[in-house]
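Just so it is clear: chains get the letters A, B, ... in the order the sequence lines come, proteins before strands, and each one is counted from 1. Values below: every heavy atom of this structure, side chains too, minus hydrogens, waters and symmetry copies.
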Protein chains: 2
Amino acid sequence: MAKDTKVRILNAAEALFAEQGFTQTSMRAITARADVNLASVNYHFGSKKNLIQAVLKRYFDVLMPQIDTVLAKHNVVTGVGGVQSLLMSLVPPMMTLSNVRPKGTALFVQLLGRGYNETQGHLRRFIMHDYGKSVAGLMAALHASLPEVDDHELFWRLHFAIGSFVFSMASSQALTEIAEADFNQDVDIQAVILHLVPFVSQGIAGHSA
Amino acid sequence: MAKDTKVRILNAAEALFAEQGFTQTSMRAITARADVNLASVNYHFGSKKNLIQAVLKRYFDVLMPQIDTVLAKHNVVTGVGGVQSLLMSLVPPMMTLSNVRPKGTALFVQLLGRGYNETQGHLRRFIMHDYGKSVAGLMAALHASLPEVDDHELFWRLHFAIGSFVFSMASSQALTEIAEADFNQDVDIQAVILHLVPFVSQGIAGHSA
DNA sequence: GTCTATAGATCGATAGAC
DNA sequence: GTCTATCGATCTATAGAC
């Protein structure tokens, strides 16, 4: 019983963090949902900040090695098609996050979005410190597909693409409400990604055919 | 002296809200920065939630009538070019927000991004209630430029586009750090928009030429 | 490793004098 | 309209018994 207290906390925390954001989720809410004692969070994780990192680490440790593998096998193709095929090759690794936890893929992206503008850079620094090499590899692969686009232009386009993804998932609850109200359509992560990849591929590749 | 207390509060609040987010900004921090008494916020605005709405209302009341005017004069052109020209026509109204306040355009977009995933829909409901007509007009104009794209596909692309914009500005502090470190390049709102418009125009228009 | 109890800080909001 | 003072609620974190 004692052994899975950490996991119970992680599971409860990620759900609440994704729904409400980090700041607006209290340790009391987390421990109540996990059905564990309030003090156990600090015993197992030391602090709330560490808990936030631990929640994301569970996903990054699964995702990043797969991305490294995909990038190592990746064949460079230039232009929109190349960007799109590169991005599509990242989809299966992303989808395996739902093996970590039910709805894991959606949770992960939501958490990423929350982290980007709620933690004042703490989370970003944590990511770049622990997984910076994988991120750099992805940027290099993208650059190889678009040799005519210069560095800082590619920098912009990549962040617009991240914004599209992260914002859409971070506000997916709002979007779900809108989409279901307007179109009576269910919103799930796979649908978002399949709509997203062509969008950002076009945007990233720009005017190149 | 008494007369501009409301304005002092609004100015201090918007700066802190944009920097730190709504939840993480206390009324004490706001009143300290505004150099007014703590109790004056509740006297003038009633609550923190009302203050948040008042901060955004200052910008919406300037922006939305201009967007209505632009849309009324807009000539429909289909395809990527039409989308791009439509979006470009929204840039001047956006830029006038810097007349409301120094750096007003950037502040507004940052606040919008914060509001979208920090206020649990309160702000979105406020916007749609007070300015929903203008938003609907913009969507209709976009649809006219892309008659071959169906409703829910356009819905997705539009939200990706909003995500690109809002995320980029909401995390502009982080992006500024990265950009200046990597490319020694200053990041300002005009630069973001000029990079963004082609990106989202391509993305929204999709495969249509 | 789990619990109770509580320290210590901070929050939004308000009562009431001026 | 502005101020002091404070209420009552909430928060993270920890000490110490078991």
Side-chain angles (χ1 to χ4, degrees), chain A residues 1-58 111 114-115 117-123 125-126, chain B residues 1-58 111 114-115 117-123 125-126:
Chain A
M1 205 55 53
K3 215 201 79 210
D4 60 354
T5 295
K6 280 186 77 162
V7 176
R8 296 172 68 85
I9 293 171
L10 287 170
N11 294 349
E14 69 176 7
L16 291 170
F17 286 155
E19 281 172 26
Q20 308 174 336
F22 301 110
T23 309
Q24 295 187 261
T25 298
S26 67
M27 322 252 312
R28 281 173 171 80
I30 294 167
T31 53
R33 177 168 178 144
D35 200 27
V36 300
N37 189 272
L38 170 62
S40 62
V41 175
N42 277 291
Y43 176 79
H44 286 288
F45 297 96
S47 70
K48 185 178 179 179
K49 186 151 87 178
N50 285 348
L51 174 59
I52 293 172
Q53 291 190 2
V55 163
L56 272 126
K57 184 171 166 49
R58 225 173 15 161
L111 294 167
R114 300 282 189 191
N117 47 31
E118 255 191 74
T119 59
Q120 288 168 320
H122 293 152
L123 212 52
R125 280 190 290 276
F126 158 69
Chain B
M1 206 59 50
K3 211 200 82 216
D4 61 352
T5 294
K6 281 185 78 160
V7 176
R8 295 173 69 86
I9 293 170
L10 287 170
N11 293 349
E14 71 175 5
L16 291 171
F17 286 155
E19 279 171 28
Q20 310 174 335
F22 300 110
T23 309
Q24 295 187 262
T25 299
S26 68
M27 321 230 13
R28 283 170 173 80
I30 294 166
T31 52
R33 176 166 179 146
D35 200 27
V36 300
N37 188 272
L38 170 61
S40 61
V41 174
N42 277 291
Y43 176 80
H44 286 288
F45 297 97
S47 72
K48 186 178 179 179
K49 187 152 89 178
N50 284 348
L51 173 60
I52 294 172
Q53 291 191 4
V55 163
L56 272 125
K57 185 171 163 51
R58 238 187 347 174
L111 293 168
R114 299 284 189 190
N117 47 30
E118 256 192 73
T119 59
Q120 288 166 320
H122 294 152
L123 213 51
R125 280 191 290 275
F126 159 68

*Asks:* Nearest to the side chain of A:H44 - C:dA13, D:dA13, C:dG1?
*Replies:* C:dG1
*Asks:* Using the test side-chain hydrogen bond (donor to acceptor under 3.5 Å, both in side chains), find all partners of A:Q24 that sit at least two apart in sequence or belong to another chain.
*Replies:* none
*Asks:* Would you classify A:T25 as touching base, sugar-phosphate or nothing, given that sugar-phosphate means primed atoms plus P, OP1 and OP2, and contacts are heavy atoms under 4.0 Å?
*Replies:* sugar-phosphate
*Asks:* Are any of the side-chain heavy atoms of B:T23 and B:T119 separated by less than 4.5 Å?
*Replies:* no
*Asks:* Which residues pass the salt bridge (charged side-chain N to carboxylate O under 4.0 Å, His left out) test with A:E118, not counting sequence neighbours?
*Replies:* none
*Asks:* Would you mind reading off the distance between B:Y43 atom OH and D:dG1 atom P, rounded to a whole angstrom?
*Replies:* 4 Å
*Asks:* Taking everything shown except B:K57 itself, do over 12 heavy atoms lie less than 6.0 Å from its NZ?
*Replies:* no
*Asks:* Taking only N and O in the side chain of B:S26, is any of them less than 4.0 Å away from OP1 or OP2 of C:dC11?
*Replies:* yes
*Asks:* Are any non-hydrogen side-chain atoms of A:V7 and A:R58 less than 4.5 angstrom apart?
*Replies:* yes
*Asks:* Please list, chain by chain and in numerical order, all residues satisfying salt bridge (charged side-chain N to carboxylate O under 4.0 Å, His left out) with B:K49, sequence neighbours excluded.
*Replies:* none
*Asks:* Can you tell me the distance, in whole Å, between the CG atom of A:D35 and the P atom of C:dC3?
*Replies:* 9 Å
*Asks:* Can a side chain N or O of A:N37 be found less than 4.0 Å away from OP1 or OP2 on C:dT2?
*Replies:* no
*Asks:* Counting side-chain heavy atoms from C-beta on, which of D:dA5, D:dT14, C:dT2 comes nearest to A:A39?
*Replies:* D:dT14
*Asks:* What is the distance from CG of B:L38 to C1' of D:dC7, rounded to the nearest Å?
*Replies:* 13 Å
*Asks:* Is there a side-chain contact between B:T5 and the phosphate of D:dG1, meaning an N or O under 4.0 Å from OP1 or OP2?
*Replies:* no
*Asks:* Using nucleotides 7-9 of chain C, report all nitrogen or oxygen pairs with the protein that are shorter than 3.5 Å.
*Replies:*
none

*Asks:* Can you tell me the distance, in whole Å, between the CE atom of A:M27 and the P atom of C:dA5?
*Replies:* 19 Å
*Asks:* Any heavy-atom pair between the side chains of B:K6 and B:F45 that's under 4.5 Å?
*Replies:* yes
*Asks:* I need the residues from residues 47-57 of chain B with at least one non-hydrogen atom less than 4.0 Å from DNA chain D; give them sorted by number, or say none.
*Replies:* none
*Asks:* Kindly list each side-chain donor-acceptor pair under 3.5 angstrom involving residues 36-43 of chain B, sequence neighbours excluded, with atom names and distances?
*Replies:*
residue, atom, partner, partner atom, Å
B:N37, OD1, B:A39, N, 2.9
B:S40, OG, B:N37, O, 2.5

*Asks:* When the distance from CG of B:L16 to P of C:dC11 is rounded to whole Å, what number comes out?
*Replies:* 12 Å
*Asks:* Answer with base, sugar-phosphate or nothing: what part of the nucleic acid does A:T23 contact at a heavy-atom distance below 4.0 Å?
*Replies:* nothing
*Asks:* Please report, rounded to the nearest Å, how far the C1' atom of D:dA13 is from the CD1 atom of A:I30.
*Replies:* 14 Å
*Asks:* For the CG atom of A:N11 and the CD1 atom of A:I30, what is their distance to the nearest 0.5 Å?
*Replies:* 12.0 Å
*Asks:* Measure from CD on A:Q24 to P on C:dT10 and round the result to the nearest Å.
*Replies:* 20 Å
*Asks:* Without decimals, in angstroms, what is the distance between B:N42 CG and D:dG1 P?
*Replies:* 15 Å
